[in-house]
Amino acid sequence: TILYEINQRNSLKLIAGQSYRAPSSFEVFFQSASNSLSGNANLEPEKSTSLEIAYLTQFNELFIQAVIYHAEYENKIYRQRIFTVDQPDLELADGTLLSETGRSSTLYYQNGNRFSADGLELEVKYQFKHGNLFSNYSYTDGNNNDDFGDDHYNFKYPPKSKLISGVSYSRAGYFASAILTYYSSMQAVTETIDSQSKWDLNFGYRQQYNKHKIRHVVSVKNLFDDEISGPDYVDREETFQTIRWDQSRHISYTFSMDI
């Protein structure tokens with residue numbers, strides 16, 4: 001990370017990073033009794049490389065951070081359906097050939113092609129007496145270089161845009177917050193999932209009891225009972241293309257005390 005201070009209120013950051021993920025034991029050694037799913041002993045570690053440029057500014061109670069980035073991904077591990085007629089000599093985790101199982105196909109872990117993404121993130125905070133306003137927006141645009149010809153690739157399924165905005169207020173021990181979460185439209189296997197949003201509310205009270213700090217919180221999640229769904233990118237079957245990401249509206253009470 002390199003930090004350059006333009007002046008007392010403005011600065012730039014350059015961030016470069018690289019990460020690895022070794023294949024899990026499940027991805028390497030697992031094989032179902034019916035041979036419908038198999039690991040792959042030849043998997044390579046996943047690798048990602050990223051470069052970010054961030055601009056930060058603060059003016060009185062207003063704080064803004066804007067980030068643009070580019071990321072490269074190599075050897076992403078995923079499951080692909082392999083048909084016996086195409087690869088009869090595919091070796092499963094226990095050494096059995098696919099043609100010897102009597103199955104027409106199997107789901108097989110393997111490494112994908114190199115792909116990349118560009119994106120931006122914007123964070124805005126405004127502090128006022130007894131509370132604050134905040135908003136976080138992200139946008140990601142990834143290519144489909146990891147598509148093996150079956151129209152499945154990593155950045156097909158996530159929403160390109162996501163927004164989280166809210167307000168919080170506290171005074172005399174009481175506090176409250178309201179949070180809006182928005183997802184842009186998403187692509188399932190063959191269907192398009194329309195944009196979605198939900199509201200969460202929190203109300204609470206802090207009190208002191210002897211030497212203990214007590215906190216009461218009542219939360220209302222998914223206030224308007226909106227159905228927030230996303231694509232099923234694990235099984236990737238046309239029959240059931242979406243799964244519910246969030247619960248239906250529910251109210252909860254939380255009590256906590258510092259001992």
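The basis for the numbers below is simple: all heavy atoms, side chains too, and nothing from hydrogens, waters or symmetry mates. For this chain, numbers begin at 1 and follow the sequence in order.
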Quick one about E5 and S11 (side-chain donor to acceptor, distance below 3.5 Å, no hydrogens or angles considered), yes or no? no
d(I251 CD1, K221 NZ) to nearest 0.5 Å is 12.0 Å
State which residues pass side-chain hydrogen bond (donor to acceptor under 3.5 Å, both in side chains) with E46; sequence neighbours excluded, sorted by chain then number. R21
Hits for side-chain hydrogen bond (donor to acceptor under 3.5 Å, both in side chains) against N7, two or more places apart or cross-chain, chain-then-number order -> N10
Closest non-hydrogen atoms of S135 and S165, given as atom of the first, atom of the second and distance, are OG-OG, 2.8 Å
Walk me through it: do F115 and Y153 pass the test side-chain contact (heavy atoms from CB on, under 4.5 Å)? CA-CA 9 Å; F115 62 99; Y153 50 94; over 6 Å; no
If you apply the rule side-chain contact (heavy atoms from CB on, under 4.5 Å), what do you find for L14 with T1, and how did you get there? CA-CA 6 Å; L14 178 65; T1 300; over 6 Å; no
Is there a continuous path of hydrophobic side-chain contacts, each under 4.5 Å between heavy atoms, that joins F128 to I64? yes
Heavy-atom pair of closest approach, residues D225 and S248: OD1-CB, 3.2 Å
May I ask you to check whether over 12 heavy atoms, not counting those of F255, lie within 6.0 Å of atom CZ? yes
Under 3.5 Å: donor-acceptor pair, side chain of H130, backbone of Y169: no
Determine whether a donor-acceptor pair (N or O, by modelled atom type, separation under 3.5 Å) exists between the side chain of S195 and the backbone of S184. no
Salt bridge (Lys or Arg N to Asp or Glu O under 4.0 Å) partners of residues 194-211, not counting sequence neighbours, each pair once: K198-D200, K198-D246
For Q207, give me all partners under side-chain contact (heavy atoms from CB on, under 4.5 Å), at least two apart in sequence or on another chain. Y205, I214, H216
4.5 Å side-chain heavy-atom contact, N132 and V167: no
Hydrogens and angles aside, do Q110 and N40 bring a side-chain donor and acceptor to less than 3.5 Å of each other? no
Once you round to the nearest 0.5 Å, how far does OG of S256 lie from CZ of R215? 6.0 Å
Mind checking side-chain contact (heavy atoms from CB on, under 4.5 Å) for Q18 and listing every partner two or more places apart, or none if nothing turns up? Y20, K47, T49
L51 and I15: CA distance, side-chain angles, deciding distance, side-chain contact (heavy atoms from CB on, under 4.5 Å) verdict: CA-CA 6 Å; L51 180 65; I15 306 167; over 6 Å; no
Sequence neighbours excluded, which residues qualify as side-chain hydrogen bond (donor to acceptor under 3.5 Å, both in side chains) partners of S177? N202
Side-chain donor-acceptor pair under 3.5 Å between S48 and S19, yes or no? yes
Counting distance only, does the side-chain N/O of Q187 pair as donor-acceptor with the main-chain N or O of E191 below 3.5 Å? yes
Test question: given the 4.5 Å side-chain rule for I, L, V, M, F, W and Y, name all other residues clustered with I164, or answer none. F134, I179
Let me confirm one number: the NE2-CG distance from H250 to N222, rounded to the nearest 0.5 Å. 8.5 Å
Between L133 and L62, is there a shared hydrophobic cluster once you connect ILVMFWY residues whose side-chain heavy atoms come closer than 4.5 Å? yes
Does a sphere of radius 6.0 Å around CZ in F29 hold more than 12 heavy atoms from other residues, nucleotides or ligands, not counting ones at 6.0 Å or beyond? no
Please check if the side chain of N75 supplies one atom and the backbone of E44 the other of a donor-acceptor pair under 3.5 Å. no
Answer yes if Y55 and Y4 sit in the same cluster of Ile, Leu, Val, Met, Phe, Trp and Tyr residues linked by side chain heavy atoms under 4.5 Å apart, and no otherwise. yes
Linking I/L/V/M/F/W/Y whenever any side-chain heavy atoms sit under 4.5 Å apart, do L120 and I53 land together? yes
For the backbone of R103 and the side chain of T84, can you confirm whether one donor and one acceptor N or O come within less than 3.5 Å of each other? yes
Single-linkage hydrophobic cluster, 4.5 Å side-chain cutoff, F83 and Y78 together: no
Work out which heavy atom in Y157 is nearest to a heavy atom in V189; give both atom names and the distance. CE2-N, 4.1 Å
I'd like to check K76 versus N154 (side-chain heavy atoms, cut-off strictly below 4.5 Å). Are they in contact? yes
Might you point out which heavy atoms bring I77 and N111 nearest each other, and give the distance in Å? CG1-ND2, 3.6 Å
Under 3.5 Å, is there a donor-acceptor pair between the side chain of Q58 and the main chain of R9? no
For residues 66-74, which side-chain N or O atoms pair as donor and acceptor with protein atoms under 3.5 Å away, sequence neighbours left out?
from	atom 1	to	atom 2	distance (Å)
Y69	OH	T140	OG1	3.1
H70	ND1	D118	OD1	2.6
H70	NE2	E72	OE2	2.7
E72	OE1	R114	NE	3.1

Got a second to check how far I228's CD1 is from R244's CZ, nearest 0.5 Å? 7.5 Å
Are L56 and F63 side-chain neighbours, meaning at least one heavy-atom pair lies under 4.5 Å? yes
For L37 versus T106, what's the shortest heavy-atom pair and its separation? N-OG1, 3.5 Å
Output the distance between atom CD (Q196) and atom OG (S185), rounded to the nearest 0.5 Å. 9.5 Å
Rounded to the nearest 0.5 Å, what separates atom OG in S138 from atom CG in L163? 8.5 Å
Residue pairs, two or more places apart or on separate chains, that pass salt bridge (Lys or Arg N to Asp or Glu O under 4.0 Å) and touch residues 120-142: E123-K125, D141-K160
Nearest heavy-atom contact between G39 and Y108 is O-CE1, 3.3 Å
Is any side-chain heavy atom of T96 closer than 4.5 Å to a side-chain heavy atom of T101? yes
Using the side-chain hydrogen bond (donor to acceptor under 3.5 Å, both in side chains) criterion, which residues pair with E227? Sequence neighbours excluded. S229
If you apply the rule side-chain contact (heavy atoms from CB on, under 4.5 Å), what do you find for L97 with L92, and how did you get there? CA-CA 6 Å; L97 299 182; L92 305 185; over 6 Å; no
Partner residues of Y109 under the ring pair (Phe, Tyr, Trp, His ring centres under 6.0 Å) criterion, sequence neighbours left out: none
Is a donor from one side chain sitting under 3.5 angstrom from an acceptor on the other, for R81 and S105? yes
Where the side chain of S197 meets the backbone of Y182, is there a donor-acceptor pair that is under 3.5 Å apart? no
Would you indicate whether the side-chain heavy atoms of K162 and T181 approach each other to under 4.5 Å? yes
Using the test ring pair (Phe, Tyr, Trp, His ring centres under 6.0 Å), find all partners of F30 that sit at least two apart in sequence or belong to another chain. F26
